[in-house]
*Asks:* 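Take a look at the following structure, please.
Values reported hereafter were calculated over all heavy atoms of this structure, with side chains retained and with hydrogens, waters and symmetry mates removed.
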Amino acid sequence: MTIKLLLLTLFFFLSCRETNQESLKSPQEQIQSFYAQEDTILPDDIEEITEVEKKTYHVDSKYEYNYRTGISDHYEYNYDIIGKDSLGNEVKGNINISGKYGAGKIINEKGEKKDIFVRWIENSKLVGKDRDSLAYEFVVE
């Protein structure tokens, strides 16, 4: 019984001690860490590809996306979209999307640029809203 108590105390002491050593991360681990923390896509994300994204930039003509960045389970895709607002006006634009949700910019028939927030509803089809809460339906172009 005393040995068990001593081992339990020793285990508790060793598991609770603090370590001040920083682990060294490889470039791949740093990229993975960046994408694991990046959850929200904003409309301005389509304007520029960051240095970190450039390292994982990928184009594949077999798929509908323009390009992809990131690593497995943390990909961000870029698509051209076309659709209509809830009033029947045609719009076209460009979005970045990760998982089910994304954001980007659209241009209406008058040439006005608007921020858009989108989500997938089925393969190649999305719905979205602008900052004025006007609803849209899109297809991947």
*Asks:* For the atom pair OG1 (Thr69) and CD (Glu76), what is the distance rounded to the nearest 0.5 Å?
*Replies:* 4.5 Å
*Asks:* What closest approach, in Å, do Asp45 and Ile41 show between heavy atoms, and which atom pair accounts for it?
*Replies:* OD2-CA, 3.4 Å
*Asks:* Sorted by first residue and then second, give each salt bridge (charged side-chain N to carboxylate O under 4.0 Å, His left out) pair with at least one member in residues 92-108; sequence neighbours left out.
*Replies:* Asp44-Lys105, Lys105-Asp115
*Asks:* Assess whether side-chain contact (heavy atoms from CB on, under 4.5 Å) is satisfied between Lys84 and Glu90, documenting all intermediate values.
*Replies:* CA-CA 4 Å; Lys84 292 187 177 190; Glu90 287 192 21; 4.0 Å; yes
*Asks:* Test Tyr77 against every option in Tyr101, Tyr65, Tyr63 by the ring-ring contact (aromatic ring centres under 6.0 Å, His included) rule and name the one that passes.
*Replies:* Tyr65
*Asks:* Stepwise, does the side chain to side chain donor-acceptor pair (under 3.5 Å) test hold for Asn96 with Asn78?
*Replies:* CA-CA 4 Å; Asn96 282 356; Asn78 179 275; 2.7 Å; yes
*Asks:* Roughly how far apart are Asp80 CG and Ile95 CD1, rounded to 0.5 Å?
*Replies:* 9.0 Å
*Asks:* Just by modelled atom types, is the Tyr79 backbone N or O under 3.5 Å from a matching donor or acceptor in the Asn94 side chain?
*Replies:* yes
*Asks:* With sequence neighbours excluded, what pairs up with Glu48 under the side-chain contact (heavy atoms from CB on, under 4.5 Å) test?
*Replies:* none
*Asks:* Once rounded to the nearest 0.5 Å, what's the spacing between atom CD1 of Ile81 and atom OG of Ser124?
*Replies:* 12.0 Å
*Asks:* Can you measure from NZ (Lys55) to OG1 (Thr50) and round to the nearest 0.5 angstrom?
*Replies:* 9.5 Å
*Asks:* Could you check whether any side-chain heavy atom of Asp130 comes within less than 4.5 Å of a side-chain heavy atom of Tyr136, counting everything from C-beta outward?
*Replies:* yes
*Asks:* According to side-chain hydrogen bond (donor to acceptor under 3.5 Å, both in side chains), who are the partners of Ser86, at least two apart in sequence or on a separate chain?
*Replies:* none
*Asks:* Is there a donor-acceptor pair under 3.5 Å between the side chain of Asp132 and the backbone N or O of Leu134?
*Replies:* no
*Asks:* Hey, does Val140 have a side-chain heavy atom less than 4.5 Å from the side chain of Glu64?
*Replies:* yes
*Asks:* Take Phe138 and Ile82 through the side-chain contact (heavy atoms from CB on, under 4.5 Å) test and state the conclusion after the steps.
*Replies:* CA-CA 5 Å; Phe138 299 104; Ile82 190 164; over 6 Å; no
*Asks:* Main chain of Gly70, side chain of Thr56: is a donor-acceptor contact present, judged purely on distance under 3.5 Å?
*Replies:* yes
*Asks:* Should side-chain heavy atoms under 4.5 Å link Ile, Leu, Val, Met, Phe, Trp and Tyr, which residues sit in the same cluster as Ile49?
*Replies:* Tyr57, Val59, Tyr67
*Asks:* Decide if atom CG of Asp60 counts as having more than 12 heavy atoms of other residues, nucleotides or ligands within a radius under 6.0 Å.
*Replies:* yes
*Asks:* Using 0.5 Å steps for rounding, measure from the CD1 atom of Ile107 to the CD1 atom of Ile116.
*Replies:* 12.5 Å
*Asks:* Please identify each residue that fulfils side-chain contact (heavy atoms from CB on, under 4.5 Å) with Phe117, with sequence neighbours left out.
*Replies:* Pro43, Ala103, Arg131
*Asks:* For Arg119, run the side chain to side chain contact (heavy atoms under 4.5 Å, CB included) check against Leu126, Ile97, Val127 and tell me which one passes.
*Replies:* Val127
*Asks:* Which residues satisfy the side-chain contact (heavy atoms from CB on, under 4.5 Å) test with Lys125, sequence neighbours excluded?
*Replies:* Ile121, Glu122, Val139
